[in-house]
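Every value quoted in this text rests on a predicted model; they were computed, and no experiment measured them.
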Amino acid sequence: RRQRQMCIRDRNKIEEKMNQKNIFKLKSNKGFTMQDLIIAITIFSIFTGLICTLIVNIFIMQAESNAQEVATLYAVQIVEYIDKIAFEDVTENLSTEVVEMFNIPSGFNIDIKVTEYKTSTKSTKESGLKTQANFEEAEITTDEYDVYTKMVSTNISYTLNKEEKNILINRLKIREI
């Protein structure tokens, strides 16, 4: 009997020790504590936030690049068109004609300014030759002026991210004689 009681006690003690070891194993070796989860979630959310910020910035830069590319393409097409048309057809009213011709979207504003460079023709008495001089530098002897050169300023403006951006191309259009 005594042995039985000792066996039962020993068995109970062994079971208690096993239960205690299992409790320690659960706390230290298995599963996550709340602190572990909070730290892991915090680190994960910081890295996720950084990656999302990078992705958004990449999309913004790509949109800006695409808009600038499209605006530059339209500006080059307009300037090439102006080079092809006759000198007399280059006027201030060219903006509306170009917008309709190239089907430019409403987000882009086209402004074409044409400035005429006037030169005077004066004849020299000694040689009988005609010389041309810039309007500001010429001595005006007659009231006749000939326009041989026009400055064409093509300005394309567009708004992106609440910022207005411009592309300006200046080109000379010279009368062919």
Side-chain angles (χ1 to χ4, degrees), residues 38-177:
I38 290 173
I39 291 170
I41 290 172
T42 303
I43 291 172
F44 180 74
S45 58
I46 288 172
F47 284 120
T48 304
L50 290 174
I51 290 172
C52 289
T53 303
L54 284 173
I55 290 172
V56 167
N57 286 337
I58 288 171
F59 282 134
I60 290 171
M61 287 179 8
Q62 184 180 11
E64 288 175 357
S65 176
N66 287 343
Q68 184 175 6
E69 179 184 357
V70 169
T72 304
L73 178 68
Y74 282 129
V76 168
Q77 286 179 345
I78 291 168
V79 169
E80 288 177 355
Y81 171 73
I82 291 171
D83 283 344
K84 290 179 185 177
I85 62 175
F87 181 81
E88 292 77 20
D89 294 337
V90 179
T91 60
E92 289 288 330
N93 298 331
L94 197 58
S95 294
T96 55
E97 178 183 334
V98 166
V99 169
E100 292 172 3
M101 181 180 296
F102 291 108
N103 294 326
I104 296 175
S106 60
F108 295 96
N109 297 320
I110 309 295
D111 184 30
I112 299 175
K113 292 183 181 177
V114 179
T115 307
E116 296 180 349
Y117 287 134
K118 296 181 180 181
T119 57
S120 68
T121 306
K122 68 175 187 176
S123 53
T124 56
K125 294 180 181 174
E126 294 115 19
S127 64
L129 298 174
K130 290 186 176 181
T131 60
Q132 294 180 0
N134 196 333
F135 180 70
E136 287 85 19
E137 299 172 1
E139 292 180 23
I140 302 172
T141 56
T142 64
D143 292 336
E144 295 180 15
Y145 296 101
D146 295 327
V147 177
Y148 293 105
T149 308
K150 293 180 181 179
M151 172 64 88
V152 181
S153 297
T154 305
N155 185 17
I156 297 182
S157 60
Y158 60 96
T159 304
L160 187 66
N161 293 333
K162 299 178 183 177
E163 287 183 42
E164 186 167 331
K165 310 236 179 188
N166 293 316
I167 294 179
L168 177 66
I169 298 178
N170 292 322
R171 188 72 161 232
L172 288 176
K173 179 72 175 173
I174 300 172
R175 176 181 284 171
E176 296 177 8
I177 300 176

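- Side-chain contact between Glu69 and Thr72 is absent, with no heavy-atom pair separated by less than 4.5 Å.
- Residue Asn166 holds its CG atom at 5.0 Å from OG of Ser157, rounded to the nearest 0.5 Å.
- The shortest heavy-atom contact between Pro105 and Tyr74 is CD-OH, 3.4 Å.
- Rounded to the nearest 0.5 Å, atoms CD1 (Ile82) and CG (Leu172) are 12.0 Å apart.
- Judged by distance alone, with hydrogens and angles left aside, the side-chain atoms of Lys165 form no donor-acceptor pair with the main-chain N or O of Gln68 at under 3.5 Å.
- Between the Ser65 side chain and the Met61 main chain, no donor and acceptor come within less than 3.5 Å of each other.
- Using a 4.5 Å heavy-atom cutoff, the side chains of Thr154 and Val98 are not in contact.
- Atom SG of Cys52 is separated from atom CG of Asn57 by 11.5 Å, given to the nearest 0.5 angstrom.
- Listed here is the closest heavy atom pair of Glu92 and Ile112: OE1-O, 3.7 Å.
- A pairwise comparison of heavy atoms in Lys173 and Val90 identifies CG-CG2, 4.0 Å as the closest pair.
- Taking every heavy atom of both residues into account, Thr149 and Phe87 meet most closely at N-CZ, 4.0 Å.
- Between Ile156 and Phe108, the shortest heavy-atom distance links the atoms CG2-CD2, 4.0 Å.
- Between Ile55 atom CD1 and Ile60 atom CD1 the span is 12.5 Å, to the nearest 0.5 Å.
- Note that the CD atom of Glu163 and the OH atom of Tyr158 stand 10.0 Å from one another [nearest 0.5 Å].
- With Leu94 as the fixed residue, the side-chain contact (heavy atoms from CB on, under 4.5 Å) test singles out one of Asp89, Ile110, Ile78, Ile85: Ile85.
- With values rounded to the nearest 0.5 angstrom, Leu73 atom CG is found 10.0 Å from Ile167 atom CD1.
- Across every non-hydrogen atom of Lys150 and Glu116, the tightest pair is CE-OE2, 4.0 Å.
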